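Below: the structure, in structure tokens.
Please read these numbers as outputs of a predicted model, since none were measured by experiment. Naming convention: chains lettered A, B, ... in sequence-line order (proteins, then strands); numbering from 1 in each chain.
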2 protein chains.
Amino acid sequence: MPTKKITKNTERCALQEILGVIGGKWSMSIIYALSHRTMRFSEIERMIPGINTRMLVKELKNMENNGIVTREVFATVPPTVEYTLTAKGKKLNPIIDELYKWGEEYVDKSMS
Amino acid sequence: MPTKKITKNTERCALQEILGVIGGKWSMSIIYALSHRTMRFSEIERMIPGINTRMLVKELKNMENNGIVTREVFATVPPTVEYTLTAKGKKLNPIIDELYKWGEEYVDKSMS
DNA sequence: CTGTATCCTCATCGATACTG
DNA sequence: CAGTATCGATGAGGATACAG
């Protein structure tokens, strides 16, 4: 991952760093899905309509690298993999929730 | 408000709607820049290192369309255009702030 | 079930030059 | 000063097939 060193433009660059971590198209949806409980890969996949395997794997991997989720593999047949939000990830929940409320109030007012 | 039963779909789709509005690379930076005061186009441009004219115009236009900023033109020579956060836009400030704090705590811990 | 491996499209973003 | 107008690059994201 491009962890480029920030030299000067602290605040605004930090925002872009953050977006690099959770600004992906599906990141927030995944965090939201995991907010209540640990889930298996296929559970997450089913909970997020529209996502495809590749993107889910990619986002989960990215989030794991950024310490937002943990990945636990069970040597069952067929294989079981569970994903859980870390403390770091959990802290995003209220924020995403606020964002969601903001959108509820404004963005999709006219939608059904 | 009707207690509309929120299906899994709508929630996640709403998140994507929201990201479509403020998920752009520069949106949050612009909101952050405007959080304290009204600014002219060139002021914003100078406040956000790395952005270029085209992107700033584009984002501002998008944000204007979404009711996040207002655009006011003064018929001076040379022309003056001022951008101001709307109430809707201002409500994003605490959220962005939280996001920033989250990043401050985690994202760039090991940097600079 | 949980991923990889490809291939491809398209929007996003950047650089630059120009205009009212 | 505050934008437009182009052109090009890049990579995020999607579809599908396949593997362990």
Side-chain angles (χ1 to χ4, degrees), chain A residues 1-4 9 12-13 15-31 33-34 37-66 68-84, chain B residues 9 12-13 15-30 33-34 37-66 69-84:
Chain A
M1 302 304 291
T3 358
K4 208 179 167 211
N9 311 326
R12 265 164 293 291
C13 286
L15 279 176
Q16 320 233 358
E17 285 271 336
I18 293 165
L19 285 185
V21 176
I22 57 161
K25 184 175 179 182
W26 304 102
S27 303
M28 292 194 186
S29 298
I30 295 171
I31 295 172
L34 290 174
R37 61 180 183 87
T38 293
M39 294 181 85
R40 300 182 57 172
F41 183 88
S42 53
E43 287 182 305
I44 305 174
E45 197 167 23
R46 264 184 315 245
M47 273 206 64
I48 307 181
I51 201 173
N52 61 33
T53 307
R54 194 179 87 81
M55 288 314 295
L56 183 53
V57 171
K58 195 176 175 181
E59 295 274 25
L60 282 172
K61 206 168 274 178
N62 180 40
M63 292 165 78
E64 194 193 357
N65 289 335
N66 286 293
I68 292 176
V69 300
T70 55
R71 179 175 177 274
E72 203 174 355
V73 183
F74 299 92
T76 55
V77 176
T80 300
V81 181
E82 292 188 347
Y83 291 89
T84 311
Chain B
N9 290 7
R12 258 162 232 76
C13 288
L15 278 175
Q16 321 233 356
E17 284 271 336
I18 292 164
L19 284 185
V21 175
I22 56 159
K25 185 174 179 183
W26 304 103
S27 303
M28 293 193 185
S29 297
I30 295 171
L34 289 174
R37 62 179 183 88
T38 293
M39 295 182 84
R40 301 182 58 171
F41 184 89
S42 53
E43 286 181 304
I44 305 175
E45 198 168 23
R46 260 175 281 128
M47 273 205 67
I48 306 181
I51 202 172
N52 59 34
T53 307
R54 184 180 159 283
M55 289 313 297
L56 183 52
V57 172
K58 195 176 178 183
E59 294 275 25
L60 282 172
K61 207 169 274 179
N62 181 41
M63 292 165 77
E64 191 192 0
N65 289 336
N66 285 293
V69 300
T70 55
R71 178 174 177 275
E72 205 175 355
V73 183
F74 300 92
T76 55
V77 177
T80 300
V81 181
E82 290 187 347
Y83 291 89
T84 312

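The minimum heavy-atom distance linking B/Y83 with B/V69 is given by the pair CD2-CG2, 4.4 Å. The two atoms that bring B/L19 and A/G24 nearest to each other are CD1-O, 3.7 Å, heavy atoms only. Minimum heavy-atom separation, B/E59 to B/W26: OE2-N, 3.2 Å. Across B/S27 and B/V21, no two heavy atoms sit closer than the pair OG-O, 4.0 Å.
Remark: the backbone N or O of A/K61 is paired with a side-chain donor or acceptor of A/N65 at under 3.5 angstrom.
Residues B/T80 and B/E82 have side chains in contact (heavy-atom distance under 4.5 Å, counting atoms from C-beta outward). When side chains are defined from C-beta on, B/L60 counts as touching B/F41, because their heavy atoms get closer than 4.5 Å. Side-chain contact check for A/M28 versus A/I22: some heavy-atom pair is nearer than 4.5 Å.
Take the nearest nucleotide of DNA chain D for B/K61 and for B/R40: the residue whose nucleotide is more 5' is B/R40.
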* Check the pair B/V73 / B/R71 against side-chain contact (heavy atoms from CB on, under 4.5 Å), numbers first and verdict last. => CA-CA 7 Å; B/V73 183; B/R71 178 174 177 275; 3.4 Å; yes
* Asked: Can you check side-chain contact (heavy atoms from CB on, under 4.5 Å) on A/M39 and A/M47, steps first, answer last?
  -> CA-CA 10 Å; A/M39 294 181 85; A/M47 273 206 64; 3.2 Å; yes
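At a non-hydrogen distance threshold of 4.0 Å, B/P79 from residues 72-84 of chain B come into contact with DNA chain C.
With a heavy-atom cut-off of 4.0 Å to chain B, the contacted part of DNA chain D has its first and last nucleotide at D/dC1 to D/dT6.
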* Can you give one letter per nucleotide of nucleotides 10-17 of chain C, going 5' to 3': B for a protein heavy atom under 4.0 Å from the base, S for sugar-phosphate only, - for none? -> ---BBB--
